[in-house]
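We use all heavy atoms of the structure for the numbers below, so side chains are in, but hydrogens, waters and symmetry mates are not. Note on naming: letters A, B, ... go to the chains in the order of the sequence lines (proteins, then strands), and numbering restarts at 1 for each one. Remember, predicted model here, so these are calculated numbers, not experimental data.
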Number of protein chains: 2
Amino acid sequence: MPTPDRTSLADIVAAARQILESEGLPGLTMQAVAQRVGVRAPSLYKRVRNRDDLIRLVTEATVHDLGEQLTVAGSGDPGRDLAELAHAFRAFAHAQPAGYHLIFTSGPADTRPSLDILTRATAPALRLAAELAGPEHALSAARMFTAWANGFISMELAGAFNLGGDLDEAFAFGIDRLTAALTTLDPPRPSFDTGRTPGTTPPRHGRQPRPAE
Amino acid sequence: MPTPDRTSLADIVAAARQILESEGLPGLTMQAVAQRVGVRAPSLYKRVRNRDDLIRLVTEATVHDLGEQLTVAGSGDPGRDLAELAHAFRAFAHAQPAGYHLIFTSGPADTRPSLDILTRATAPALRLAAELAGPEHALSAARMFTAWANGFISMELAGAFNLGGDLDEAFAFGIDRLTAALTTLDPPRPSFDTGRTPGTTPPRHGRQPRPAE
DNA sequence: ACCTGAACACCGTTCAAGT
DNA sequence: ACCTGAACACCGTTCAAGT
């Protein structure tokens, strides 16, 4: 005779995410999760293959939330949008540092999120990169932006910036220089030049596109 | 009566580094290290406080090696030197991915390397950033470079670049755009303009420095 | 002074036995 | 159909007892 379920996969993942943020990955034990959802550890294996599987589910849920956070307005000014995207990225990482770290860290294959969920989360960056740098350089430009933003945030969270100075300033500096570097690639395309607020992005130089090497 | 030591701290750290690369961090157990150096696990605690301490020693040894790998020549052309630095960075990460990952990952405080050893390893980047972007922006420029390089390499190692395309090309693109972005900050300073190979760095535009925001 | 076996607490995971 | 206690293998760590 079936009795009503005492927990659910959603409960388990939610509990795991809370434990991850408060106790870190080593504290994310099956027993801790079980206790929080009100069952014994063996019961978790009805919903989850093993601990690595649970870590993957936590990572994917976090990627999904990140993707939602990164859906920027589309103001018509790609430079401003890129800055907004960068700040949203960083704010998310500050809000759930352990979950963020899980997304971009390498680990056992079973813990890695599926590719298409990652792709969906980075779509806004790709779209903005195409607007800024032109379709030809969109992929490389998006990778440059994502690498920089993720690298900055990871090092910030890891405490790897140890020379003092203002990190907010360094972050703003990066956004500014990155926007300039990606914007100068192609001559102005008028269709994206409407609605720009003066002074928010550096002027375009109209240089010839450089070979991608 | 003292008997001759059957192992040493250097042996232990070396064994741990090999295990880390072949088995990953979860495989780096005290028992595995002990077996490799030819003692029993409890003996390790004569040389090492605990596992976190061993992980820290492994990380610091790796940082030290990275720092040595990053001592670039100083060709007189900061743009070329920056490219060389970036490639050395990436080559090191490819050669020992698990050790590299340990450096820039956040983890329990006891596993983190000392600040001054990290500072020493990043000194070349800071010096080149000063040459390229001028002393005023040296710190922010170095952070931008390091963030980008580390972010790119971390994502590459984590398999987070999943849209296909040529990663070597994306890396070269990043170096090129980064050099351009950092070089355009200040008007030409003649003392650093000697010995440049034409075409290896983008032309300077002589724009006024922008406020750092 | 270093090394070891034994012991303890803890963890992931399986499984037969409960409801 | 879900849940549990018991069990097993494994791990980090301590410590008294060996040499």
Polar contact flag, side-chain donor to acceptor under 3.5 angstrom, D65(B)-Y100(B): no

dC2(D) OP1/OP2 closer than 4.0 Å to side-chain N/O of R40(A): no

Spacing of L44(A) atom CG relative to dA1(D) atom P, expressed in whole Å: 20 Å

Watson-Crick or G-U wobble partner of dT4(C), both distances under 3.5 Å: dA16(D)

N/O (side chain, R49(A)) to phosphate O (OP1/OP2, dG12(C)) under 4.0 Å: no

Touch class at under 4.0 angstrom, heavy-atom based, for S8(B) against every strand present: nothing

Nucleotide nearest P42(A) (side chain, heavy atoms from C-beta), chosen from dT14(C), dT4(C), dC2(C): dT14(C)

Residue N50(A), side-chain atoms from C-beta onward, closest of dT13(D), dC3(D), dT13(C): dT13(C)

Under 3.5 Å on both distances, the Watson-Crick or G-U partner of dC10(C): none

Sugar-phosphate, base or nothing in reach of T29(B), heavy atoms under 4.0 Å: sugar-phosphate

Integer-rounded Å distance: dG12(D) P and I12(B) CD1: 14 Å

Whole-Å gap separating P (dT4(D)) and CE (M30(A)): 14 Å

Distance-minimising heavy-atom pair for L25(B) and R51(B): O-NH2, 2.9 Å

Under 4.0 angstrom between S43(B) side-chain N/O and dC2(C) OP1 or OP2: no

Euclidean distance, atom CG of residue D110(A) to atom P of dG12(C) [Å, nearest integer]: 15 Å

Nucleotide of dG12(D), dT13(C), dC2(C) approaching K46(B) most closely (side-chain heavy atoms): dC2(C)

Side-chain H-bond candidate by donor/acceptor type, H101(B) with S154(B), under 3.5 Å: no

dC3(C) phosphate, OP1 or OP2, under 4.0 Å from R47(B) side-chain N/O: yes

Atom-to-atom span, OH of Y45(B) to P of dT4(C) - whole angstrom: 14 Å

Distance below 4.0 Å between R51(A) side-chain N/O and dG12(C) OP1 or OP2: yes

Near-ring test F145(B)/W148(A), centroid separation under 6.0 angstrom: no

Charged tip of R90(A) within 45° of F152(A) ring normal and under 6.0 Å: no

Between P of dC3(D) and CG of L9(A), the distance in whole Å: 12 Å

Distance, rounded to the nearest Å, where Q35(B) contributes CD and dG5(C) contributes C1': 17 Å

Rounded distance in Å - CG (D5(A)) to C1' (dT19(C)): 14 Å

